[in-house]
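Below you'll find the structure, written out as structure tokens, and then a few comments.
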Protein chains: 2
Amino acid sequence: MKTIAVIKQRGNRLTKPRKAISTILLQTKFPLTIKEIMNQLKKNDVYTDTVSIYRTVKLLLNLRCIQQIEFGDGKKRFEAVKENNHHHHIICDKCGKVEEIFFKDENYFALQLKKKTQYKIHRHSLEFFGLCQNCY
Amino acid sequence: MKTIAVIKQRGNRLTKPRKAISTILLQTKFPLTIKEIMNQLKKNDVYTDTVSIYRTVKLLLNLRCIQQIEFGDGKKRFEAVKENNHHHHIICDKCGKVEEIFFKDENYFALQLKKKTQYKIHRHSLEFFGLCQNCY
DNA sequence: GTACGTGCAAACAGTTTGCATCATG
DNA sequence: CATGATGCAAACTGTTTGCACGTAC
């Protein structure tokens, strides 16, 4: 996996927790909280503490292997960044189910923005909230 | 102000902290954290504790007088909901400066979404992050 | 006067920091 | 074997809960 290679940049060591966390994030199709990562690690019989997860996650963020997303419940969530996979999320307010959403002409807004502001935009967040099929 | 009237619905009492917090949120043009609300209250010589702010903010959220926004730093921010004022934000990653942004054809995406998903969407969040004029 | 709201203390949840020990390269 | 990473304890920040006192209606 590419992430594994990227970690070894700049002399970062490829340790068991780092490998395991990267793999989990690459394999999961929705953003995970620190606790959820912890639970996945346990399932794979990898024992770490939350602090190590926080630190690995910070490293992966710096290396741009993952990105951070918030759903408004005070927990940060983390998700692997894959090529040609830019997407957003719909979250069910009731059961928490997450679905990915892809838009075609997303720079439609980026272009409007360029005209309206002098900020140099690096990234954006766009999430939708509502009720899934099962919850209404 | 409308908020004041709405509070009195359902027998909610119009107390000093509630009035002051509502006014502050109505007058500020960017989303405030709990601490920032606290500081504004102090400036106005209204003494409360953070717990009361949390509770008032929760009330105002339920009454749909304000909305909650996150900028990714782990703090919730609160902003008055005004009529015909639906907007989003650009946040400077360096100095934290916030600018409001208005889009014309925003339901362009809403329509795309309706086709793609069976979720019943209630709201969305859209924030942009980058550097302001002064910071790059 | 009677709920309802406040403000204090204290608990709780998410996250960060310090430091001795461990293990990758 | 040296430096970087881990894992524990402990601190810190944001948020919630419990309860006696105060106050709007």
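We name chains A, B, ... by the order of the sequence lines, and we start the count at 1 in each one. All values derive from a computational prediction rather than experimental measurement.
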Given protein heavy atoms under 4.0 Å, the one-letter contact record of nucleotides 14-23 of chain D, with B base, S sugar-phosphate only and - none, is simply SBBBB----B
For the residue pair H88(A) and H86(A), confirm or rule out a side-chain donor-acceptor distance under 3.5 Å.
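The answer is yes; a qualifying pair exists.
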Hydrogens and angles aside, do E99(B) and T117(A) bring a side-chain donor and acceptor to less than 3.5 Å of each other?
yes
Figure out the CG/P separation between D49(A) and dG18(C), and round it to whole Å.
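The answer, rounded to whole Å, is 16 Å.
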Gap separating the OH atom of Y136(B) from the SG atom of C92(B), nearest 0.5 angstrom
10.0 Å
Rounded to the nearest 0.5 Å, what's the gap from OG1 on T33(A) to CG on D73(A)? Could you check?
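Answer for the OG1-CG pair, T33(A) versus D73(A), is 8.5 Å.
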Are OP1 or OP2 of [N] and a side-chain N or O of [X] less than 4.0 angstrom apart?
{"X": "T15(B)", "N": "dA24(D)", "value": "no"}
{"X": "S52(A)", "N": "dT6(D)", "value": "no"}
{"X": "N12(A)", "N": "dA5(D)", "value": "yes"}
{"X": "K8(B)", "N": "dC25(D)", "value": "yes"}

Pick out which of F30(A), F102(A), F128(A) makes a ring-ring contact (aromatic ring centres under 6.0 Å, His included) with H87(A).
F102(A)
Flag yes if more than 12 heavy atoms outside E106(B) fall under 6.0 Å of its CD atom; otherwise flag no.
yes
